[in-house]
Number of protein chains: 2
Amino acid sequence: MLQKEVTIYDIAQKLNISSATVSRALNDDPVVSKKTRKRIFDAADEMGYRLNHFARNLRSQKTNIIGVIVPRLNSYFMSAVISGIEQVANSEGYNIIISQSAEQWDKEIANAKTMFNNRVDGLLVSLAYDTKNIAHFEPFFKRNIPVIFFDRVEEHNSSTNVLIDNKRAAYEATKHLIEEGCKRIVHITAIPKRNVYTDRLAGYKLALAEHKIKFKEEYVVISNLGQEDGAKAAEKILHMQPLPDGVFVANDNCAVGCMVALKKAGIRIPQDIAFVGFNNDPVATVVEPNLTTVNYPGYQIGAVAARNLINHLKGAPMYTTDSIILKSELIIRNSSKKSAS
Amino acid sequence: MLQKEVTIYDIAQKLNISSATVSRALNDDPVVSKKTRKRIFDAADEMGYRLNHFARNLRSQKTNIIGVIVPRLNSYFMSAVISGIEQVANSEGYNIIISQSAEQWDKEIANAKTMFNNRVDGLLVSLAYDTKNIAHFEPFFKRNIPVIFFDRVEEHNSSTNVLIDNKRAAYEATKHLIEEGCKRIVHITAIPKRNVYTDRLAGYKLALAEHKIKFKEEYVVISNLGQEDGAKAAEKILHMQPLPDGVFVANDNCAVGCMVALKKAGIRIPQDIAFVGFNNDPVATVVEPNLTTVNYPGYQIGAVAARNLINHLKGAPMYTTDSIILKSELIIRNSSKKSAS
DNA sequence: TTGTAGGCGTTATCAA
DNA sequence: TTGATAACGCCTACAA
């Protein structure tokens, strides 16, 4: 048995008042008398009234929905981000709808279109690996729908970026390896198309330069950064002459895959090769030796991005904030402690 | 500059036809002549028309939104599930909105209410640890809004469950330990309130019974199943006299935390204590020795649950399907191979 | 403090 | 094949 939806009209009729008063009461308009207000709430409860968001949205032209577009959902980092977004959004009465670009530009374009047609109030985006430009977000900019990029960002004068200082983090990671005595440091990363990879590469180079170590193209190993790709990278490393003595990897998963493979080949970590990863994924404290890595606070990234977006939506002055840079830090564990070993 | 939204009226006016015809054309109603149809589409494109979902929903009383309520977002398993849900939903033109119960009953109730008020077309739920009953989903059942539970389920005659056979999986895990020669097998799990834990416990007991090993209450270690809780469990295990020779853990994270702590205390795995986990989380292949575990296909769970829900929504006969049980399997790695070592 | 009435953008019914 | 029109449920000037 499907019961019919109760509307404010039904309540009004039952109480012999106008629907306007009901609407006002339900929206906590202080102008309604305490008494009527109570009668209305009681009746609403009793009759099982529920607000029709569509009718409201249709009028108010707002949706209370935040769109989220991410490359992939199934990484520890990204779920932490989403968790942060959800928490903040929910506490502010926003819902989130999520879609994945699967690292593909065209899927990202399609997702953006869907979000646009769903009239999200705002958008949180981490760009696909594959994305060449951000023209597909123009419709949002044109309509003043706030778009915030996080982690994988692109500069745009009408949007804010939330991320960490990847260059500095990479610089410190590399510097740490150098200070531990490494001279031949390999950097495993993805094709440097996105900021996260170019910046990390830049930080790596900077640290080398600053310590007068010559940058060698062949020490940059390009990979998809999955755990299995780490094993493949290990192959390459094992063929290098002379053997590298340090590896800085752009992500923990890959670092761990690489370490496991190298250990299987008899390499001692950190004595023969020291390792630093990126993200501070839970695996970092499982692999042996535990992985030195850059703590990248996913939950906070998500929470801050969402908070910022909602502030925009609530009409907070759009300080021309370009970027919000969260703190990251190098967490030193045993995988890099050459000196102590 | 905010451009005004283009409506079907604007298109109609421009082309000197009625809005009804425009609506029909836009919805691919074959009754519209090819010629007008083309004119309408061209005009729509040119004018930047976009469908107003709210107006449509208001009329059609459908939202094309699927609600998802999960305990926590930040685990590998759950992100795989979400990924599966998103994929299927998206391909069928549904959006998903997600909320977390943070394992709390009251938050789950609130979430359910929000979902209800958002008029989701259907709901996918994995129950909070804390949830005592599922009365908060009654409003959905009453209105024939399909609700599908996955992983953490509860029986209800108007909903379907998607999960694996936890009891059997646990039975096989335990049996495997026994066959490897274990006689004193500890089971680390959460307070058995949810099916996943009671069933695994039952499977554990069954295997013991079948092999004439007496079940001992003190071998069941209750924990929150986080990585750090694994370390705490290790403490307890180390104090047991005599030392257990096998551990079956209800989740990989915790298993790994426990293994690491035991190793630090000088215990050899699997020689002294063999381990089996649950989930086949990526850490399972990182910890040393690699963890034997039950493969729990998160992506598929999500995809199947979503597919099933959408089939309901599209009016597929609601075969009185009680449960959909997906295959799981024991993946044997070195953490349990006592005999070979 | 409350009521009246119009409109948000669609779709469906009926008529032409 | 197309058009006129009435809902869908809510909010908000404006009036009382």
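Just so we're on the same page: letters track the sequence lines, and every chain starts at 1. Side-chain atoms are counted along with the backbone in the values below, which use heavy atoms only and exclude waters and symmetry mates.
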Looking at [N], I'd like to know if its phosphate oxygens (OP1 or OP2) sit under 4.0 Å from a side-chain N or O belonging to [X].
X        : N       : value
Ser23(B) : dT11(C) : yes
Thr7(B)  : dG9(C)  : no
Thr36(B) : dT2(D)  : yes
Gln61(A) : dG9(C)  : yes
Tyr49(A) : dC10(D) : yes
Asn57(A) : dC8(C)  : no
Ser60(A) : dC10(D) : no
Thr21(A) : dT2(C)  : no

Ignoring the backbone of Arg59(B), work out which of dT12(D), dG9(C), dT1(D) is nearest its side chain.
-> dG9(C)
Quick note, Asn52(A) side chain, CB onward, closest among dG3(D), dT4(C), dG9(D) is dG9(D)
Using 30° and 60° as the class limits, which term best fits the ring planes of Phe54(B) and Phe54(A): parallel, tilted or perpendicular?
-> parallel
Over 60° means perpendicular and under 30° means parallel, so classify the ring planes of Phe141(A) and His156(A), tilted if in between.
-> parallel
Between [atom2] on [N] and [atom1] on [X], what's the gap in Å once rounded to a whole number?
X        : N       : atom1 : atom2 : answer
Ile11(B) : dT11(C) : CD1   : P     : 11 Å
Leu26(A) : dT2(C)  : CG    : P     : 14 Å
Arg56(A) : dG7(C)  : CZ    : P     : 22 Å
Leu58(A) : dG6(C)  : CG    : P     : 17 Å
His53(B) : dT11(C) : NE2   : P     : 10 Å
Arg24(A) : dA5(C)  : CZ    : C1'   : 12 Å

Any side-chain heavy atom of Thr131(B) sitting closer than 4.5 Å to one from Lys193(B)?
-> no
Hey, does the side-chain of Arg50(B) have a donor or acceptor N/O within less than 3.5 Å of a partner on the base of dG9(C)?
-> no
Note: Asp42(A)-Lys38(A) ion pair, threshold 4.0 Å (strictly below) = yes
Using a strict 4.0 Å threshold on nitrogen-to-oxygen distance, state whether Arg152(A) and Glu103(A) make a salt bridge.
-> yes
